[in-house]
Amino acid sequence: MKRLLLLLTILSTLILNAESLRISAKILNENINNYKILDTRDNDTYKAGHINTALNFPISQTYAHMQENGKLTDPFTMQDIVQNLGLDANDSLVIYDNGSFFDAARLFWALEVYGFKNVKLLNAGYKQWINKGYKSSTQTPTITKSNYITIIDNNRLATKFSTQVATRNPNQIIIDARPNKAYDGEVSSAKRYGHIPKALSIPASHNIDTSLEMTRLKDSNQLAEIYKDIDKNKKVIIYCAIGKISATNYFALRELGYNVSNYDASWKEWGNSTLPIIQPTKH
Amino acid sequence: MWNKLSIKWQLILFMTLVVTLVEISTLLIILNFQHKDSRENATQEVTTITNSLKKDFLDVIFSSSTDKLADIQHRLRAFNKVNGVILYDDANKAIYQYGKISEIEKHKTNILNNKSIFTDISLFVKEDLDLDSYTYGYILIDIDLVKYKEKQALITWSLLSMLPLALLLGFIISLYLSKSYTRPFTELLNAMKKSNPTKGNILQVHTSSNNEIKELFDGYNDLMQQISDSSKELLFQAQHDQLTGIKNRFYIENVLQNALKNEDGLKFSLFYINIDQFKLINDSAGHQAGDELLKMIASAYKKTLPDNALFARYDGDGFMVLLQNSSKDEGKKLLEESRNTLSDFRFTSDSQSYSVSASMGLVHFKAYEYTFKELIKAINSALYTAKSLGHNKSFIFNPDDTISQRFNKELETAGFIKEALLDGPSRFELFAQAIVPLQYETEQVSYEILIRMWDKDNNFIPPDSFLPTAQRYQRMHEIDMWVLWTYLDTVTKYPEHLKNLHSAHINLAGSSLTNPDFQAKVKEAVMHFNFPWSKLELEVTETSAVGNFAKANEFIVWLKNVGIGLALDDFGTGMASFEYLKSMPFDVVKIDGSFVKDMHTDLTDRAVIKYIHEIAELNNQETVAEYVETQEDVDELTKIGITYGQGYFLGKPKPLSEWI
């Protein structure tokens, strides 16, 4: 009975957490003036029509080298972008994309790394917003430049160093978000094959719901099921091949209430280094 | 205020003040050190941080990356006193922040100007990031001083919490000190309060110290002993008679006063013993002999007294004995024994032997029966009654006794006499009674001056009532002086009267004749008044003439030379023989009235008158017959040949003023 109660409590907490990081279109519409809304779509799409008052933060701007890997934009560039969007680390932000949540999750992570504390995802794509008949616009709002100074929250960003620490620390968990083949060392985005020692394999694709007309991040209930074996009290580091798709896992775990950081250089860095790896195929 | 506090409290307050001052100054010093120390530590911390992170900061300025910043953040976290950091590049552009930067931004201008500033809770420092003497940027850093402040507060509170402890300790120490250092004073004070050195109660103080306290204590003990010794001596002197060594009047009066207040219902017997004719011995053998006699009597009589008897010298020749808790029988027994002891005390001085006796009065009394004054009056009365009975007599005072009452009255009378001699209100007045020549007729007058007295309420007091009292109180010579002087003073103002005067008789007590004051006064009067001295006759009674004449011989010769005559008064009543008439220089003999009164019926009396007259005539002395009350008396006395007659028939006494 006690266990059941405990479970219920945990579940309800999870649901609450889940809701706290995703905001429904209805609630945003009602409180639209309390939030700064960020549109992750490219500038042309943005200009063609966006949620009223939304600013454009094209997802490409979160990448240092978008074509090569998932590394975050460098601090100088990011500080300028953020200042030019008139954003402050304490602002309440709502991010939306086309409805897949991939880009929105990426920007969510990027902003959290750069010290933003009140960031949420709109639990809908632009299309759904329009379908519900909420207000949209083609105008870019007037922006006053902010005084944002770069902050880095290293709890949200894993580096090679902190990942090394995690490989030895029993209180930390490493999750490999690449497909099973990559984890098993059959394919690799780097010179070496295999995975980071101690890493568990939970491919990012598990987070994705492909049953709908458009692939998108699963609901938090579904996500909770996926990560049910992961200890909530332990710090989680998540990585993928080049650091692009692990942001989805990052948001999923954040939504579930984990203390999670994303190793953005990912296997591309680790696999090309001389750091120890697990090479299952050799066995 | 401070002076009123006891030494103990002065010490305690003083110690408390010292402890508090020490505590507070310690606190201030430590806090000051701590303050400096914490600033130094904070400054040190800044240096450490910038030194250890300088390269990384420079690296970031040159080429920033999230990884580098994550690293820096990681390392900054290790310095838990760092509240916040802002990194600026050489273009003064903030490029990185860590932690809480709102305070830095608030004080930014100030920090930039002063390089480092302290606020209550923070140390702000601007640290340049230079390399090879070129500055590439700088950081503004906020170091938390709250922890130092907390440390300071901790020190403050621990020291403050020690304050009560220190005060308590100070209090205990002062208590101990005050106890051990004021103990001598309190001991001394206590000893002083409890001691009564004048009564011989001394509480000695002792100390184991060997310093000023010992000197003080020894000094105190000596002083107390001295006071006690000299008090004892003084007390002895105050209570004892110097001559005889027995207790004195002061002492016995004290005892009597206490006895009268005694609550135990004890019975007492008080004796008053007076040596008979002490004055005679004193005058004839000298004062030294008199003193010797007193000493010997006191010493000898004391031996016969029971142990519990209190024996004291009360006045010149008077002693008192107090028997405590004695029955009347015991008292009477002792009275009788004492009278026997003192009936024939042999005393020799200058080879002349005296037999001395004493008279004594006794009063039985209980507490509250008399006042002290009444008791003294009673015992006086008893003694004088005894004395009036003759030598070596005793008398027990009885409050109901008529004799005693009389002597009570006598005491009162003595008071009146004293007053009359001075300014009143009792007074004397001079009367005169005619002395009439029987053998011839003459125009000239003769009289005997008589004294009359009235008390303060103008009651007449007869001479036979106050004169014996005056005699017992030894005031006779004063009365005689008064009478003589007043008479002379009165009549010398009337020369006609003096011319017509044949003779004036003035009575003298025998004791007056020998009294030096009286003698001097008479000589003074002779010088002072213009009076025909041959007309003055001084009358002396037969009883008082005996004994006194021998001693007054010189004075009598002088009187004779001046022309003053002497008359022998009341002749025939005493034991005096006719021999006196022959041997003593009387000019006039006054025959006692008792013979005259009965001479018609008693032939013996008539014969006595006749013989006295014949012998007087042979001695060339005139005679006066008293109590002449009828013509028959006059006829008979004239027939016998008596020179003068005196009595109611010939003239009642009338005021002197009526004679002038």
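Please read all numbers here as calculations on a predicted model, not as lab measurements. Hydrogens, waters and symmetry mates play no part in the numbers below; they use all other heavy atoms, side chains included. Throughout, a chain's letter reflects where its sequence line sits, starting with A, and its residues are numbered from 1.
With a 4.5 Å cut-off on non-hydrogen atoms, B:Ile72 does not touch chain A at all. Contacts of B:Lys93 with chain A are made by side-chain atoms alone, with heavy-atom separations under 4.5 Å and no backbone atom involved. Both the backbone and the side chain of B:Tyr96 come within less than 4.5 Å of a heavy atom in chain A. Interface remark: B:Ile61 contributes backbone atoms only to the contact with chain A (heavy atom separation under 4.5 Å).
In this structure A:Lys71 satisfies the salt bridge (charged side-chain N to carboxylate O under 4.0 Å, His left out) test together with A:Asp264, B:Asp67, sequence neighbours excluded. Every ring pair (Phe, Tyr, Trp, His ring centres under 6.0 Å) that A:Tyr148 has, sequence neighbours left out, goes to A:Phe116. In this structure B:His74 satisfies the ring pair (Phe, Tyr, Trp, His ring centres under 6.0 Å) test together with A:Phe161, sequence neighbours excluded.
Heavy-atom neighbours of chain B within the stretch residues 75-93 of chain A, taken at a separation under 4.5 angstrom, comprise A:Pro75, A:Phe76, A:Gln79, A:Asp80.
Interatomic distance, OG of B:Ser63 versus CG of A:Asp74, reported as 8.0 Å (0.5 Å rounding). The CG atom of A:Asn154 lies 10.0 Å from the CG atom of B:Leu76; values are rounded to the nearest 0.5 Å. Separation of atoms CG (B:Leu69) and OG1 (A:Thr159) is listed at 11.5 Å; rounding is to 0.5 Å.
Here the side chains of A:Ile152 and B:Thr66 are in contact, with some heavy-atom distance below 4.5 Å. Taking the side chain as every heavy atom from C-beta outward, B:Ile95 and A:Ile149 never approach each other to under 4.5 Å.
The main-chain N or O of A:Thr150 is never found under 3.5 Å from a side-chain atom of B:Gln97 such that the two would form a donor-acceptor pair.
In the displayed structure, B:Lys214 atom NZ is contacted under 6.0 Å by at most 12 heavy atoms of other residues, nucleotides or ligands. Other residues, nucleotides and ligands contribute at most 12 non-hydrogen atoms within 6.0 Å of the CZ atom of B:Phe185.
Of the listed residues (A:Asn147, A:Val113, A:Asn155), the one with the most heavy-atom contacts under 4.5 Å to chain B is A:Asn155.
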